[in-house]
Undergrad: 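Below are the structure tokens for one structure; questions will follow.
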2 protein chains.
Amino acid sequence: MTSSHARGRRPAGSDTKAEIMAAARRRFSEMGYPRTTMRAIAADAGVDPRLITHFFGSKQQLFASVVELPFDPGTVFPMLLAGGDEEVGRRLAEFVLGILENPQSRNIVTGIIRAAASEEAAAAQIRDRVVVRILMPLARQLGSDRPELRAALVGSQVVGLTFARHVIGVPALQTAERSELVAFLAQVFDVYLRGTLDHEAD
Amino acid sequence: MTSSHARGRRPAGSDTKAEIMAAARRRFSEMGYPRTTMRAIAADAGVDPRLITHFFGSKQQLFASVVELPFDPGTVFPMLLAGGDEEVGRRLAEFVLGILENPQSRNIVTGIIRAAASEEAAAAQIRDRVVVRILMPLARQLGSDRPELRAALVGSQVVGLTFARHVIGVPALQTAERSELVAFLAQVFDVYLRGTLDHEAD
């Protein structure tokens, strides 16, 4: 009752905006970013497409506003990184491939990448989210020197794998066995998370 | 004289098309992909913008048609990989960072990524080029098992670094010392190029 009362007090347009956001989230996660149209989201939410443009601007900006990560970094990273040090790279590799194997979460990740690629405004929004929501929680778990840089490098490989395998569609990555990808990525994440920075040696 | 004679015999429209392509290459490499407009290319080439659409389709497709890699993979990879095995990862890392430090070649690489992200048709064109022009020459140089997969994984990290540093603009990657990036990337390329695939071990 309290909540329905509070609901009645919302400023005009607030429910409509929430309905647009819900419709957008559903479409983007089910259809993927490229095949989702503003027109379809408007129809689902029962509004004029121009209202979406009024509230959110472009499709890229709408996406950047509604996208939710398919996992909670604050919970997942501590769990992944809590195991024995030797297993951290492998566990992170398995986790990343799991996200990319599920069509819904893969759509979210490729959607984030496509939106960031297409518009400066969306890229800035996504950068701030990625840094605060993914890279900082990951860096916070790392005891090593240069945790932000290490977290960013891990992120760069995840973005690159997603892009090459699911946006460009490089055949060698699409046909590789999961176990092969895990074997390589585990070693690479290990370098980023635990490798030494010996560049001052010479 | 011969060449001006040959030129006169070209089918109608062929010079115009070449002029559009030259104008597009110049704009894309100097201004970068997002700030280049079809209108500006049309003005440079002295044609109606609709003629560009007629010849090439969208801006993404025009870009995919005219883009040239900022290096020749057939020459560069054998040179990079010819040194001592221990130095291969580091030399490749230095080469990649060199490409990204030069504004013109960086514009080409980020342009390829943006175009691939935004349209299926451009992605397919770019995939075929990347596989044939970059990954196959690189794989051909690798003596190891699974050369195509190894080449594709190297490529995925290069794409991911470019995307995270220059498209999203992750601060930790932008402020990192070159020597730090080289130290990490050298180890990672080494894993991809020379690491063992021990996934059958267990």
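These numbers come from the heavy atoms of this one structure, side chains and all, not from hydrogens, waters or symmetry mates. Numbers restart at 1 for each chain; the letters A, B, ... are given by sequence-line order, proteins then strands.
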Undergrad: Is any side-chain heavy atom of B:Phe95 closer than 4.5 Å to a side-chain heavy atom of B:Phe189?
TA: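 B:Phe95 vs B:Phe189: side chains apart.
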Undergrad: Just give me the residue among B:Thr175, B:Ile113, B:Ile126 that pairs up with chain A most often, heavy atom to heavy atom, under 4.5 Å.
TA: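 Between B:Thr175, B:Ile113, B:Ile126, the count favours B:Ile113.
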Undergrad: I need the B:Leu185 CG to B:Glu180 CD distance, nearest 0.5 Å.
TA: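 Interatomic distance, B:Leu185 CG to B:Glu180 CD, rounded to 0.5 Å: 11.5 Å.
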Undergrad: Say you draw a straight line from CD1 of B:Ile52 to OG1 of B:Thr16; how long is it, rounded to the nearest 0.5 Å?
TA: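 Between B:Ile52 CD1 and B:Thr16 OG1, I get 11.0 Å after rounding to 0.5 Å.
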Undergrad: Could you tell me which of B:Ala152, B:Ala151, B:Ala124 has the largest number of non-hydrogen atom pairs under 4.5 Å with chain A?
TA: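 Answer, by heavy-atom pair count under 4.5 Å with chain A: B:Ala152.
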Undergrad: Out of curiosity, B:Leu173 CG to B:Leu181 CG, how far, rounded to the nearest 0.5 Å?
TA: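 That separation rounds to 6.5 Å.
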Undergrad: Does anything in residues 56-69 of chain B reach chain A? List residues with heavy atoms under 4.5 Å apart, or say none.
TA: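 So far as heavy atoms go, nothing in residues 56-69 of chain B approaches chain A to under 4.5 Å.
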Undergrad: If you round to the nearest 0.5 Å, how far is CG of B:Leu149 from CD of A:Glu177?
TA: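 Going from CD on A:Glu177 over to CG on B:Leu149, the span is 10.5 Å.
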Undergrad: Between chain B and each of A:Glu148, A:Arg146, A:Glu120, count heavy-atom pairs under 4.5 Å; write down the option with the most.
TA: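 Greatest number of close heavy-atom pairs with chain B: A:Arg146.
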Undergrad: With rounding to the nearest 0.5 angstrom, report the CG to CD distance, A:Leu92 to A:Glu94.
TA: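 With rounding to 0.5 Å, CG (A:Leu92) is 10.5 Å from CD (A:Glu94).
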Undergrad: Are there residues of residues 100-107 of chain A that reach to under 4.5 Å of chain B by heavy atoms, and which ones?
TA: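 Heavy-atom contacts from residues 100-107 of chain A to chain B are absent.
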Undergrad: Checking heavy atoms, do the side chain of B:Ala172, its backbone, both or neither come under 4.5 Å from chain A?
TA: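 Both backbone and side chain.
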Undergrad: Compare all side-chain heavy atoms of B:Val182 with those of B:Leu97 and state whether any distance is below 4.5 angstrom.
TA: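 In short, these two side chains touch, coming nearer than 4.5 Å.
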Undergrad: Do B:Phe55 and B:Ile20 pass the side chain to side chain contact (heavy atoms under 4.5 Å, CB included) test, and can you show the C-alpha distance, the side-chain angles, and the key distance before you say yes or no?
TA: CA-CA 9 Å; B:Phe55 278 138; B:Ile20 294 170; 3.8 Å; yes
Undergrad: Can you tell me which portion of B:Tyr192 sits under 4.5 Å from chain A's heavy atoms? Options are side chain, backbone, both or neither.
TA: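 For B:Tyr192, the contact with chain A is made by backbone and side chain together.
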Undergrad: With a 4.5 Å heavy-atom cut-off, do B:Arg194 and B:Glu86 have their side chains touching?
TA: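 Side-chain contact under 4.5 Å: yes.
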Undergrad: Against chain B, label A:Phe163 side chain, backbone, both or neither, depending on which of its atoms sit under 4.5 Å from a heavy atom there.
TA: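 Side chain only.
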Undergrad: Of all heavy-atom pairs between A:Arg150 and A:Val191, which one has the smallest distance, and what is that distance?
TA: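 That would be NH1-O, 4.0 Å.
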Undergrad: Salt bridge check: are B:Arg90 and B:Asp190 linked by an N-O gap of less than 4.0 Å?
TA: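 Result for this pair is no, no salt bridge flagged.
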Undergrad: Within this structure, what is the NE2-OG1 distance for the pair B:His166 and B:Thr110, rounded to the nearest 0.5 Å?
TA: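 Going from the NE2 atom of B:His166 to the OG1 atom of B:Thr110 covers 8.0 Å.
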Undergrad: Answer yes or no: is there a side-chain heavy-atom contact under 4.5 Å between A:Ile99 and A:Val158?
TA: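 Sidechains of A:Val158 and A:Ile99: no contact.
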Undergrad: Does anything in residues 127-140 of chain B reach chain A? List residues with heavy atoms under 4.5 Å apart, or say none.
TA: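 Under the 4.5 Å heavy-atom cut-off, B:Arg127, B:Val131, B:Leu135 qualify.
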Undergrad: May I ask you to name which of A:Ala164, A:Ala116, A:Ala186 has the most heavy-atom pairs under 4.5 Å with chain B?
TA: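 Ranked by contacts with chain B, first place is A:Ala116.
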Undergrad: Which atoms of A:Arg165 come close to chain B, meaning under 4.5 Å heavy atom to heavy atom: side chain ones, backbone ones, both, or neither?
TA: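 Neither part.
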Undergrad: Can a donor-acceptor pair be found, under 3.5 Å and without considering hydrogens, that links the side chain of B:Gln187 to the backbone of B:Ala183?
TA: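 Answer holds: yes.
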Undergrad: Under a 4.5 Å heavy-atom cutoff, which of B:Val159, B:Ile168, B:Val167 has the most pairs with chain A?
TA: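 Going by pairs under 4.5 Å, I would pick B:Ile168.
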Undergrad: Among pairs that include at least one residue of residues 26-47 of chain B, which meet side-chain hydrogen bond (donor to acceptor under 3.5 Å, both in side chains), considering only residues two or more places apart or in two chains?
TA: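 Sorted result for residues 26-47 of chain B: B:Arg27-B:Asp44.
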